[in-house]
Amino acid sequence: MAEEITRELTMSRAMVEAIAGEMRADDEVFYMGEDVADYGGIFDSTEGLREEFGYDRVMDVPISETAYLGAAVGAAQEGMRPIAELMFVDFFGVAMDQIYNQMAKNTYMSGGNVSVPMVLTAAVGGTYNDAAQHSQTLYGTFAHMPGMKVVVPSTAYEAKGLMHNAIRDDDPVVYLFHKRLMGIGWLPAPDGPKTPVPETDYTIPFGSADVKHAGEDVTIVTLGLHVHRALEAAESLAEDGIGAEVIDLRSLVPLDTDTIVESVEKTGTLVVVDEDYRSYGVTGEIVASVADEAVGALDSVERVALPDVPIPYARSLENEVVADAGDIEAAVRRTQ
Amino acid sequence: MAEEITRELTMSRAMVEAIAGEMRADDEVFYMGEDVADYGGIFDSTEGLREEFGYDRVMDVPISETAYLGAAVGAAQEGMRPIAELMFVDFFGVAMDQIYNQMAKNTYMSGGNVSVPMVLTAAVGGTYNDAAQHSQTLYGTFAHMPGMKVVVPSTAYEAKGLMHNAIRDDDPVVYLFHKRLMGIGWLPAPDGPKTPVPETDYTIPFGSADVKHAGEDVTIVTLGLHVHRALEAAESLAEDGIGAEVIDLRSLVPLDTDTIVESVEKTGTLVVVDEDYRSYGVTGEIVASVADEAVGALDSVERVALPDVPIPYARSLENEVVADAGDIEAAVRRTQ
Amino acid sequence: MVALTELTEMYADMVTARHYEERLQEEYLEGKQPAFDISAGPIPGELHLAAGHEAAGAGVCQHLRDDDTVTAPHRPHHVAIAKGVDLKRMTAEIFGRETGLGKGKGGHMHLFDPDVSFACSGIIAEGCPPAAGAGLAAKKRNTDSVAVAYLGEGAIDQGAFLESLNFAAVHDLPVVFVIEDNDWAISMPKERVTDLEDGSKRADGFDMPGRRVDVDDAVAVYDAAREAVGRARDQNGPTLLEIQVHRRMGHFMGDPESYRPEADQAAAAQRDSIERLADDLRAAGTDDAELEDLRAEAEARVEEAIEWAKDQPKPDPAAAHEDMWVNPPSGVTDSEPDFDLAGGED
Amino acid sequence: MVALTELTEMYADMVTARHYEERLQEEYLEGKQPAFDISAGPIPGELHLAAGHEAAGAGVCQHLRDDDTVTAPHRPHHVAIAKGVDLKRMTAEIFGRETGLGKGKGGHMHLFDPDVSFACSGIIAEGCPPAAGAGLAAKKRNTDSVAVAYLGEGAIDQGAFLESLNFAAVHDLPVVFVIEDNDWAISMPKERVTDLEDGSKRADGFDMPGRRVDVDDAVAVYDAAREAVGRARDQNGPTLLEIQVHRRMGHFMGDPESYRPEADQAAAAQRDSIERLADDLRAAGTDDAELEDLRAEAEARVEEAIEWAKDQPKPDPAAAHEDMWVNPPSGVTDSEPDFDLAGGED
Ligand SMILES: Cc1ncc(C[n+]2csc(CCOP(=O)(O)OP(=O)(O)O)c2C)c(N)n1
Ligand SMILES: Cc1ncc(C[n+]2csc(CCOP(=O)(O)OP(=O)(O)O)c2C)c(N)n1
Ligand SMILES: [Mg+2]
Ligand SMILES: [Mg+2]
């Protein structure tokens, strides 16, 4: 019987603990990004690392995402293990060629002759009124283009285990952490993401979705922040006797279709909840993946995602487009 | 009764005819891109335009996609009507911020105060062994991010009508033309894309899918090059008494869900055929859109798309990943 | 010699901008006390205030007309004020109200006022290409409008800026690039990330005139900008200007600035382009009472705008689904003509 | 004075490269006659040949070791040959064969030979940041390896290059940027798209030494590169070189070059860095028979590589689904440890 773990960490502390652990174990691991040294990362992704490892291994870089993400690709191809941060995922467009035409494709284009053992970290998500250029998750955009493993922790426990696996992986991994979950002082997290975290190093495999709440009536598939909103909805549905199974994807690439299909075969009902745009993204893929495997099992389907508009600024407007627990609950009720 | 149109054009001639027509009608329309002046566009997208309109209105630009696509955004916001070409859609990553954070979002972010009447043209597609950085369609990537209307002509007739509508539209339109369909001397087109084209100016509305072949047994939804491959499959299936309805989407945004759902309600079977990557893209969205509206009608589903790998170079490998008529036929047969 | 009216106008813009930022700071922090919670209070989201940058806004925009285009970055208010953006509607936008410039959809980093050709964007340096595009439009239309792109010294390492230098230079576009050098890019001091001390030297690699105004002095900025804007207006091509300014507040509200040496903060607080310009006005014969009036007027204008903005309705949630398109989704047409296409596939 | 052995090595590389391109041209056009069909024949896809660029490949790479990294653009063969890339496996890759450098997956724009630290990419200027990254790795590891990024003169307007100049300069990285100026970017003459005549002047805006070799002369390139590579190896930071070369063929095979004045084509055909180097070798005492031997050896090597490549098996279609990952999709682990997380949600 495993020892009981009681120490709780915020998601940011857990993420940093994994990075620090790998940096201690391997001199070739280093972190690059804007404001990652003295500031400790705008979203606390590197808090305290510069103090321990110095400026050389926790490098502030010019506001030149193409140059420094590309430099990470180059250093990774030399065998180093860079972690490079895009401050907001929304800035992908200034460096997408390095991300997609180089980092993601070089392994395949070289017939496996070259590997690119780097981690691209990026803060994602809204809920604090940062408007259209600073609030997206872009989950679907990154998951669509092959060559990157794409992971999204929802709690401190996952943040650590996924990060250890990401740094050790010889393939490029995109690690998308939700700002609202980090436990940053000025951006209070909901209750869920702060969890017990083992002191020891451990790895969580990619492609293993986690059933965060069991239920018999409806399968809710989600990730990131919305895991917690779905759990809230599940509690409330339970009061009315509706059993919701909440599946936290944890990685988009690879996708754990088995866990989803197994659940839908039991419940017959699929509600996919996503903080990315609705069309041509995550919700479509999850629905279609189930249809591929078990179209007969699908009695009822709902997609809860950002409507196809940029994310608006004003609170009333942003709240309208980003689903809350009530929206999820309502979607579930529509299926019953 | 409409007059019979017999004049046939290649897709490139039809596209150029629409551009020339709009340039004659409005001095504020101009075309920018690499090799669009003397060369006439690497894929014949501007053939002859410089000769008629001169270098000022058919502008060669530096290999600075961010600068010139952004300049198109700026000129459009001043009320001009630029058409700007990305030589291959695969280069999106060097300019995606201008495309997505500016061109696509400014209208919404300004509350409709500003409009961006520009057309972004780009060549898409494989089948001639140009490998991972020059063969993609990226249909799903562009369609996923709201703010751009995304159109994909499959024949000369559509190329002209969609282009007229695109240039006249005050919203940003992404016009993706498939290299294999243009009718370029060195890249022979299949039979289908060369069609009769009216001399007169005409506009095809976005969001109106076209049933290119009627059938009762299976609904094949596709676009671009694969319209022709699906039609080939439909002919061959017809010989075995399987009636395939082939729907040409013509635009991804807006998406004509009605036409698709209506067909699937009749056939019960949906086969989506796409030249973009399979996961988190077009095929998923089409399946999910039907599930949203008519999950009960879906007896059988198949997705035929690029497997989730970059596009390989060698002929045997590229042929393996890009579906041909035989692959479509086989998918249909799996559903019967 | 700068005309007194111009000095006075610049002064008015600058005191308006300074007071505006100070008042926004107060409003912003309301509801975010004692614990700072970015998502609480009357002004949502990030807020980047430009106290200490005023000379760069006023000194350049003093030369601009309404039909000259300005693009600003994430720290836009002082430029917007100097450019003549509607103060009330801008303020309403910052408060996320329905009558804001963007109906509450854009927010403080995305202010668009087409009446005075002003726009801004929150992505580093990405205002440069659209400014070049406005210059291109002016050139194509053969008007004498010009375009100005503002950026921070931290933005001079970004491709969008560098590509725009070439684009503007090779086409001789009427564009002025204005770098506001406040020594910091969030927590990163210039020397840690940029090869140059003097950002205007980027021009040397692009066959373009470059000039640095290394003192935070509105008159010096005015003079440098007169030449640069004049060059553009006379169709003699682009110029790169760098202006030394000072960041008197954190990068964004809530920034603890723990990375920043106290001496640097103190120095920034001491240098005051507004006081300097007041001295120039006094030297030109303006007395203290007049200066006080100008200040009072500016403050009243700011108060009025803030009052007005706070009175405006919040957007109806349903409005989130509007303003996606200017034309219908189908484009300018919603029906396809009926042709008889011989041999066609239809 | 350049040592005779070095002159000889460069000559061997250059005649190999020239013969290689001429032979590939023949092979490529086979099956594409009479009507040119890009998707027919033994070599699929686009093909960008570098005849006329040889001096830039040989003169720079002569100073490099296997552990020095080189990134090349879409026109890579002459550089690959000078860098010592495995000629047979490179050729097999170009023919799309299973034993090619990338198992037929990459093709001629995506050649990776980690044994000699060579890579290329088909996206303009996007080899520059990875080269800077290789330089960064060398610096972090405190080795004296250097990195060289090649690009065309048409690429000097692209953000990836310009950002890399700053990145390399601010970190004093051991990187040499080499612009091959062949006067054309496909159909666009330099002056139509770029503000500078001399691309090495870009360095002036980035506080970096820049130097142009304005004659297509291997020895002049060798000399300039000795200084630049030496500077990098001695940890004195990056350099920008521009080398005048000539495009003796179309941009890609099949390019009708109808945009190109005949006089320009003729001039390019006349200038021949290979003949020039032959003269240098003669002056250094090499006789014509020796030169003939070098040529014959080079040709034999090329023929052997092409023969070998054409003999290699085509990839099994199923292989398209392989080589996506180096590790399993699950990462280094495929099972989650079993913790008892008190109060956790599991
Ligand atoms: C492409 C991009 N990268 C990073 C950021 C995040 N960011 C916002 S402001 C800023 C610092 C800008 O510094 P500077 O340009 O000097 O302007 P200042 O804030 O000092 O006025 C950064 C890195 C961004 N908005 N866009
Ligand atoms: C970002 C990007 N834009 C455009 C292209 C298409 N393209 C390929 S080669 C080329 C011209 C390159 O000219 P130059 O850099 O001078 O090299 P050269 O071909 O003359 O050797 C262009 C525009 C590309 N590959 N990548
Ligand atoms: Mg700054
Ligand atoms: Mg060239």
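Lettering of chains follows the sequences in order, A, B, ..., and the numbering in each one begins at 1.
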For the residue pair A:P198 and D:L341, what are the closest heavy atoms and their distance? CD-CD2, 4.1 Å
Under 4.5 Å to a heavy atom of chain D? For A:S251 that would be neither
Distance, nearest 0.5 Å, that separates CD of A:Q98 from OG of D:S121: 7.5 Å
Check whether D:A320 gets within reach of chain A through its side chain, its backbone, both or neither, counting any heavy atom under 4.5 Å. both
Could you go step by step and tell me if A:D170 and D:W325 meet the side chain to side chain contact (heavy atoms under 4.5 Å, CB included) rule? CA-CA 8 Å; A:D170 290 320; D:W325 312 117; over 6 Å; no
Is A:F206 close to D:P329 at the side-chain level, that is, under 4.5 Å between some pair of heavy atoms? no
Under 3.5 Å donor-acceptor, A:N165 side chain and D:V332 backbone: yes
At a heavy-atom separation under 4.5 Å, does A:P82 approach chain D through its side chain, its backbone, both, or neither? neither
Report the option among A:T66, A:V173, A:D27 that has the most heavy-atom pairs separated by less than 4.5 Å from atoms of chain D. A:T66
Validation row: A:T107, D:V326 side chains within 4.5 angstrom (heavy atoms): yes
Could you tell me whether the side chain of A:P205 reaches within less than 4.5 Å of the side chain of D:E336, counting heavy atoms only? yes
Does the distance from a Lys or Arg side-chain N to an Asp or Glu carboxylate O, for A:E78 and D:K140, drop under 4.0 Å? no
Is there side-chain contact between A:M32 and D:L136, with at least one heavy-atom pair below 4.5 Å? yes
Heavy-atom pairs under 4.5 Å with chain D - which of A:T6, A:D97, A:V114, A:I204 has more of them than the others? A:D97
To the nearest 0.5 Å, atom CE of D:M324 lies from atom NZ of A:K149 at 9.5 Å
Can you tell me which portion of A:E65 sits under 4.5 Å from chain D's heavy atoms? Options are side chain, backbone, both or neither. backbone
Looking at D:G331, D:G135, D:G127, D:A119, which one has more heavy-atom pairs under 4.5 Å with chain A than the rest? D:G331
Atom group of D:V170 that falls short of 4.5 Å from chain A, counting heavy atoms: side chain
Check each atom of D:A131 against the heavy atoms of chain A and say whether the ones under 4.5 Å are side chain, backbone, both or neither. neither
Can you tell me how far the OG atom of A:S208 sits from the CG atom of D:D334, to the nearest 0.5 Å? 9.5 Å
Ranking A:P62, A:G207, A:A104 by heavy-atom pairs under 4.5 Å to chain D gives rank one to A:P62
Distance flag, aromatic centroids of D:F339 and A:Y202, threshold under 6.0 Å: yes
Among A:A95, A:G70, A:A75, which residue has the highest count of heavy-atom pairs closer than 4.5 Å to chain D? A:G70
Can you find a side-chain donor-acceptor pair between A:D171 and D:N327 that sits under 3.5 Å? no
Among A:N106, A:V197, A:D248, A:V253, the residue with the most heavy-atom pairs under 4.5 Å to chain D is A:N106
Over all heavy atoms of both residues, which pair between A:M109 and D:F112 is shortest? Give the atoms and the distance, please. CB-CE1, 4.0 Å
What is the distance from atom CG of D:L165 to atom OG of A:S64, rounded to the nearest 0.5 Å? 10.5 Å
Of all of D:G100, D:P129, D:S164, D:G159, which one pairs up most often with chain A through heavy atoms under 4.5 Å apart? D:P129
Would you please say whether a donor-acceptor pair under 3.5 Å links the side chains of A:Q102 and D:E126? no
Among A:M148, A:R57, A:K105, A:K194, which residue forms the greatest number of heavy-atom pairs with chain D at distances under 4.5 Å? A:M148
One should read off an interatomic distance between A:N113 CG and D:R89 CZ, to the nearest 0.5 angstrom, of 5.5 Å
Check D:R141 against A:G79 and note the closest heavy-atom contact, atom names and distance. NH2-C, 3.5 Å
Segment of A:Y68 engaging chain D (4.5 angstrom heavy-atom cut-off): both
Heavy-atom proximity to chain A below 4.5 Å, by part of D:P328: backbone
When rounded to the nearest 0.5 angstrom, what is the spacing between CG in A:D169 and OG in D:S330? 8.0 Å
Report the option among D:K139, D:H171, D:E93 that has the most heavy-atom pairs separated by less than 4.5 Å from atoms of chain A. D:H171
